[in-house]
Amino acid sequence: MQLNQLFERASALAGHRFADVAAALNIPMPENLRRNKGWVGQLLEAALGASAGSQALQDFPELGVELKTIPLDAQGKPLETTFVCTTPLVDIDQLTWETSNVRNKLQCVLWIPVDGRRDVPLAERRIGTAFLWQPTPAQDAQLKADWQEHMDKIALGEVETITAHQGEVLQLRPKAANSRVLTDAIGPDGQLIQTLPRGFYLKTHFTAQIIAQTFEVPHAPPAR
DNA sequence: TCATGATCATGA
DNA sequence: TCATGATCATGA
């Protein structure tokens, strides 16, 4: 598949109800997302033929494109942060921003805004207008700075001091089935410790900015 | 009210 | 367990 073909397919989904897309693909539709949090993302993956499955790859490796749904409220603002990838906590000494999973995933993103309003039945919510995004040099620099700061702390054995408040645009938060899940990490004295698995997430003000810059229309000349 | 920390489903 | 797909729900 070519990039323009993928983009055309994604564009053609705009305005369609989740229920109709699911029916066309024979995918069962839950009442709500409470026990199916990833359902909309998986629906769109199926609709567009994403291939990577559960591998740590972009959704369309041959195109270098990552697919991300983003739930919006009635004002068109993101309702949730955007998960990027799990955070490596051991064997990180050779990692750089340039070779990081975060940069790899965010190099080119096919964003698909979706109606995230909880007061609208899932079946009636609609898909929005897809768009392709690549970080501007300024955005790339922000992401890199946050990534470097988080990874420096992790390398120093300070992962457990990191909260979601840290990072201008990229935050670190738990990414696990529940708060008892444990994985290896570097401890304060350089020893191996057990800690909650973490993931990288884009803060909503960052994705809101991406959406604003994408859909902002040139203003009309002043009336006179 | 809203973001943080907690949580849910599934496949390999 | 760890990767994918994320949203829920409560404390601040």
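Numbers restart at 1 for each chain; the letters A, B, ... are given by sequence-line order, proteins then strands. A quick note: this is a predicted structure, and the numbers were derived from the prediction, not measured.
As a whole-Å value, the separation of A:Phe200 CZ from C:dC2 C1' is 16 Å. Straight-line distance from the CG atom of A:Leu57 to the P atom of C:dT4: 9 Å, rounded to whole Å. Whole-Å rounding puts the A:Leu33 CG to B:dA6 C1' distance at 17 Å. We find that CG of A:Asn32 is positioned 13 Å from C1' of B:dA9, with the value rounded to whole Å. In this structure, the CZ atom of A:Arg198 is 13 Å from the P atom of C:dC2, given to the nearest Å. Counting to the nearest Å, the C1' atom of C:dT4 and the CD atom of A:Glu45 are 7 Å from each other. Atom CZ in A:Arg34 sits about 13 Å away from atom C1' in C:dT10, given to the nearest Å. For the pair A:Leu122 CG and C:dA6 P, the interatomic distance rounds to 14 Å; values are reported in whole Å.
Counting only heavy atoms from C-beta outward, the side chains of A:Phe200 and A:Lys105 never approach each other to under 4.5 Å. A 4.5 Å side-chain heavy-atom check between A:Trp111 and A:Thr82 finds at least one atom pair inside the cut-off. Residues A:Val102 and A:Cys85 meet the side-chain proximity criterion, which asks for heavy atoms closer than 4.5 Å. Side-chain contact check for A:Val109 versus A:Leu106: some heavy-atom pair is nearer than 4.5 Å.
A:Pro71 comes within 4.0 angstrom of the backbone, heavy atoms only, and of no base. As judged by a 4.0 angstrom heavy-atom cut-off over every strand, A:Gly38 is placed among the base-contacting residues. Nucleic acid contact class of A:Gln166 (heavy atoms, under 4.0 Å, all strands): none.
Ranked by how close their nearest DNA chain C nucleotide is to the 5' end, A:Val181 and A:Gly41 are led by A:Val181. Projected onto DNA chain C by closest heavy-atom contact, A:Glu80 and A:Asn36 fall at different nucleotides, the more 5' of which corresponds to A:Asn36.
One finds no side-chain N or O of A:Thr204 lying less than 4.0 angstrom from the OP1 or OP2 phosphate oxygen of B:dC2. The side chain of A:Arg35 contributes no N or O atom lying less than 4.0 Å from OP1 or OP2 of B:dT10. In terms of phosphate contacts, A:Thr69 brings a side-chain nitrogen or oxygen within less than 4.0 Å of OP1 or OP2 of C:dA6. Under 4.0 angstrom from either OP1 or OP2 of C:dC2 there lies at least one side-chain N or O belonging to A:Thr183. For C:dA3, the OP1/OP2 oxygens have a side-chain nitrogen or oxygen of A:Thr86 closer than 4.0 Å.
Here the CG-SG distance, from A:Leu67 to A:Cys108, works out to 11.0 Å after rounding to the nearest 0.5 Å. Going from atom CG of A:Leu132 over to atom CG of A:Leu63 covers 9.5 Å, rounded to the nearest 0.5 Å.
In this structure, A:Phe215 and A:Phe131 have perpendicular ring planes: the angle between them is above 60°, well past the 30° mark.
Screening residues 63-83 of chain A for ring pair (Phe, Tyr, Trp, His ring centres under 6.0 Å), with sequence neighbours left out, gives A:Phe83-A:Tyr201.
Put simply, the side chain of A:Tyr201 and the base of C:dA6 share a donor and an acceptor less than 3.5 Å apart.
Of the candidate nucleotides C:dT4, C:dG5, B:dT4, C:dT4 has the atom nearest to the side chain of A:Cys85.
Near-neighbour residues of DNA chain B inside residues 170-178 of chain A, defined by a heavy atom below 4.0 Å, number-ordered: A:Gln171, A:Arg173, A:Pro174, A:Lys175, A:Ala176, A:Ala177, A:Asn178.
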